[in-house]
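This one's a predicted model, so the numbers in the text were calculated from it and none came from an experiment. We number each residue from 1, following the sequence as shown.
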Amino acid sequence: AIFPYSFDPAYDNLLPYGNEKRNVIKYSDSSFNYHSLTYVCILLFGLLMSLFTGISQHLAGYAETINLGSGVGSFMISLCMIGNVSGKLIVGTLSDIIGWFKSILVMMVIVVVAAVILLVSNNALMCYAGSLLLGANYAVAAVGLVLITKNVFGSENYHMSYPLISCCS
């Protein structure tokens, strides 16, 4: 061997301090397929949601374009980040109350409403509201994608399905 160690400590009969060796049966559903239409759609959904998160970085320039000024634009970005944090907390709470699918759907509707507000309004207060709501997009891209993957492919296939989805998004 070139290296005197391996990436898996159990391969070298090593365990973390305090752990005892035990037999673990790993379960994996052999029907999982990376080329399934469902997997490809979730992969593309994650990519599109991640691309959409970049819009918030252009809010300052957008505010300048509609003659609101750079101060308004900077505050719009700050409000979007507040919406980011609160949106993640809200989607987690909503998923416990109304279920994962409905909670993600609610957050996506909020993002669409935010985009419409930002597109049709040139009033600073409306743009502030739209920016705050636009922060919900981060919740869909981060928390929502995990919920979708876990619930569609199950816990037993999560370890196979999520890494590539996460990498592409």
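With hydrogens and angles disregarded, a donor-acceptor distance shorter than 3.5 Å links the side chain of Tyr34 to the backbone of Met160. Not a single donor-acceptor pair under 3.5 Å links the side chain of Ser50 to the backbone N or O of Leu47. Remark: side-chain polar atoms of Tyr138 are paired, donor with acceptor, to backbone N or O of Thr53 under 3.5 angstrom.
Ser121 OG to Leu68 CG: the interatomic distance, rounded to the nearest 0.5 Å, is 8.0 Å. Rounding to the nearest 0.5 angstrom, the gap separating the OG atom in Ser56 from the OH atom in Tyr62 is 14.5 Å. Between atom CG of residue Leu132 and atom CD1 of residue Ile110 there is a gap of 10.0 Å, rounded to the nearest 0.5 Å. Rounded to the nearest 0.5 Å, atoms OG (Ser86) and CG (Leu133) are 9.0 Å apart. The distance from atom CG of Asn122 to atom OG1 of Thr65, rounded to the nearest 0.5 Å, is 12.0 Å. Note: Leu43 CG to Ser166 OG = 10.5 Å, rounded to the nearest 0.5 Å.
Taking 4.5 Å as the limit, some side-chain heavy atom of Trp100 sits within range of a side-chain heavy atom of Val152. With a 4.5 Å cut-off on side-chain heavy atoms, Asn137 and Met49 count as touching. Contact check for Ile66 versus Cys127: side-chain heavy atoms found under the 4.5 Å cut-off. Looking at Val72 and Met76, their side chains come closer than 4.5 Å, going by heavy atoms from C-beta outward. Put simply, the side chain of Ile165 does not reach to within 4.5 Å of the side chain of Phe45, judged on heavy atoms.
Side-chain heavy atoms closer than 4.5 Å link hydrophobic residues (I, L, V, M, F, W, Y) into clusters, and following such links, possibly through other members, connects Ile90 to Ile98. Phe101 is not connected to Leu44 by any chain of hydrophobic side-chain contacts under 4.5 Å among Ile, Leu, Val, Met, Phe, Trp and Tyr, and they are in different clusters. There is a path of hydrophobic side-chain contacts, each under 4.5 Å, that joins Leu59 to Leu125. Taking hydrophobic clusters as Ile, Leu, Val, Met, Phe, Trp and Tyr residues chained together by side-chain heavy-atom distances below 4.5 Å, Val111 does not share a cluster with Val143. Note: the hydrophobic cluster containing Leu134 does not contain Ile104 (ILVMFWY, side chain heavy atoms under 4.5 Å, direct or indirect links).
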(message) Please evaluate residues Thr149 and Ile42 with respect to the criterion side-chain contact (heavy atoms from CB on, under 4.5 Å), reporting the C-alpha separation (whole Å), side-chain torsions for both, the decisive distance (0.1 Å), and the verdict.
(response) CA-CA 8 Å; Thr149 306; Ile42 292 174; 4.2 Å; yes
(request) Check the pair Phe52 / Val140 against side-chain contact (heavy atoms from CB on, under 4.5 Å), numbers first and verdict last. (result) CA-CA 10 Å; Phe52 195 69; Val140 177; over 6 Å; no
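Between Phe153 and Tyr162, a ring centre-to-centre spacing not shorter than 6.0 Å is recorded.
Scanning all heavy atoms of the two residues, the minimum distance from Leu147 to Ser95 falls at CD1-CB, 3.9 Å. Taking all atoms of both residues into account, the shortest heavy-atom contact from Glu64 to Gly69 is OE2-C, 3.3 Å. Taking every heavy atom of both residues into account, Ala139 and Lys88 meet most closely at CB-N, 3.6 Å. Heavy-atom minimum distance, Met126 versus Ile117: O-CG2, 3.1 Å.
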